[in-house]
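What follows is a short report on a single structure.
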Amino acid sequence: MSSASNSATTAAGGKTADKVFKGVAYACGILILVTLAAVALFLLFRAWPLIGGDQAQNVAAIESFTGNKAHNFWQFVGPLMFGTVLVAASALIVSFFISVGIALFISHYAPKRLATALSYVIDLLAAIPSVIYGLWGGIVLVPAVYPFWNWVATYFGWIPIFAGPAANPPRTVATVALVLAVMILPIITSLSRDIFLQTPRLQEEAALALGATRWEMIKLAVLPFGRSGMVSASMLGLGRALGETMAVLMILSPGLTYSAHLLQASKNQTIAANIASQYPEANALGVSILIGTGLVLFLITFLVNFIARKIVEKASV
């Protein structure tokens, strides 16, 4: 009787623990949704003077922000959206292949000690504050990279995005993209490395047993297995680049155009950097306009993550 009683008590305790854990898990999931909704409502509420306020005052505030280059909100935010996407996409293009290569080297080529050391270095890069990257980019990279950008403009200027002359100092989208690529590299590398390490050992051994080389094994077994993980890692890195503020603010010479000339200065600006630069001197209406641009950035980030989710779902099938 005592053993049966103990078993019943244990079972009851286990059910209680399951219910508590289930409740905590539900609460955490709901908290994420509540937090997201709260951010969206805050942005919408603070941007309401822009949406439903006096449009003449809004136009005057926008003209003061842009030096009469824009006369309505969409003329103001359109080039900022373009610049944000251009900078982030350029950084992702630079970083993606390097990150995947490093992840493959750590997971399948490097000796164990070297792989461990490289993993620590990658994780350390992720912990460096963005203002440090901004200082490094502005003080060290900007003067050092000009000869290379000048060479690119000289020999590849026939490609529209590399049309010269290269700005000197090169406070341009290309230089900012290099800095952001270094910033998002640890994110993509760490996630890709962890996915590659989870590749079923039997698949790798089967490919090698059939006579595949190391690279062929990676191409046939590792990369297909990690496709969805690489996409997710890339989208996380892209989200970081879309919202980066300090590094862009400290390096990029701002402009308000739709130019895709990566080597020319004073052509583009991002939403986040524009908010940081304009906010200290903005009045109440100006703050509402800036928050309106922040709402647009929020929607862009939400759209990017939604698209990434769909890509991952298709890649997983």
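By convention here, the first residue in the shown sequence is residue 1.
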W215 and I218, any side-chain heavy atoms less than 4.5 Å apart: yes

Co-membership, hydrophobic cluster, residues L178 and I93, 4.5 Å side-chain: no

From CD1 (I195) to OG (S232), nearest 0.5 Å: 7.5 Å

Any donor-acceptor pair under 3.5 Å from T257 side chain to K267 backbone: yes

Geometric class of the F156/W158 ring pair [parallel <30°, tilted 30-60°, perpendicular >60°]: tilted

Side chain proximity check, I187 to R240, heavy atoms < 4.5 angstrom: yes

Over 12 foreign heavy atoms within 6.0 Å of CZ, R171: yes

Sidechain-backbone polar pair: S277 side chain, N274 backbone, donor-acceptor under 3.5 Å: yes

Verify same cluster id: L141, L125 (apolar side-chain graph, 4.5 Å): yes

Any side-chain donor near an acceptor of the partner, S288 and W48, under 3.5 Å: no

Test side chain to side chain donor-acceptor pair (under 3.5 Å) applied to W149 and N168, T154, T175, the passing residue: T175

Over 12 non-hydrogen atoms of neighbours within 6.0 angstrom of OH in Y155: no

Whether E204 side chain and A221 backbone form a donor-acceptor pair below 3.5 Å: no

N/O donor-acceptor pair under 3.5 Å between T84 side chain and T270 backbone: no

From NZ (K69) to CZ (F76), nearest 0.5 Å: 12.0 Å

Straight-line distance of F196 CZ to M230 CE, nearest 0.5 Å: 4.5 Å

Test item: L185 and I122 side chains (from C-beta on) under 4.5 Å apart, heavy atoms: yes

Aromatic ring pairing F148/W151, orientation class (parallel under 30°, perpendicular over 60°, tilted between): parallel

Joint hydrophobic cluster, I291 plus F45, side-chain heavy atoms closer than 4.5 Å: no

From N268 atom CG to T172 atom OG1, the distance as rounded to the nearest 0.5 Å: 9.5 Å

Closest approach of A103 to S192 (non-hydrogen atoms, all atoms of both residues): CB-CB, 3.8 Å

Spatial distance of atom CD1 (I106) from atom OG (S190) [nearest 0.5 Å]: 7.5 Å

Sidechain-backbone polar pair: R214 side chain, H108 backbone, donor-acceptor under 3.5 Å: yes

Residue pair S119 / R193, side-chain donor-acceptor N/O under 3.5 Å: yes

Over 12 foreign heavy atoms within 6.0 Å of CG, L202: no

pair F298-L303: side-chain heavy atoms closer than 4.5 Å: no

Within-4.5 Å side-chain heavy-atom neighbours: I188 and S95: yes

I102 side chain reached by L118 side chain, heavy atoms, under 4.5 Å: no

Check against side-chain contact (heavy atoms from CB on, under 4.5 Å), V140 and L135: CA-CA 8 Å; V140 177; L135 288 171; over 6 Å; no

Heavy-atom check, side chain of V85 versus side chain of F82, under 4.5 Å: no

Hydrophobic cluster membership, F42 vs L290, 4.5 Å side-chain cutoff: yes

Main-chain N/O of A241 paired with E244 side-chain donor or acceptor, under 3.5 Å: no

L43-V304 co-clustered via ILVMFWY side chain contacts under 4.5 Å: yes

Verdict with supporting geometry, L180 and M183, side-chain contact (heavy atoms from CB on, under 4.5 Å): CA-CA 5 Å; L180 292 186; M183 294 178 67; 3.7 Å; yes

Between CD on residue Q75 and CD1 on residue I62, distance to nearest 0.5 Å: 8.5 Å

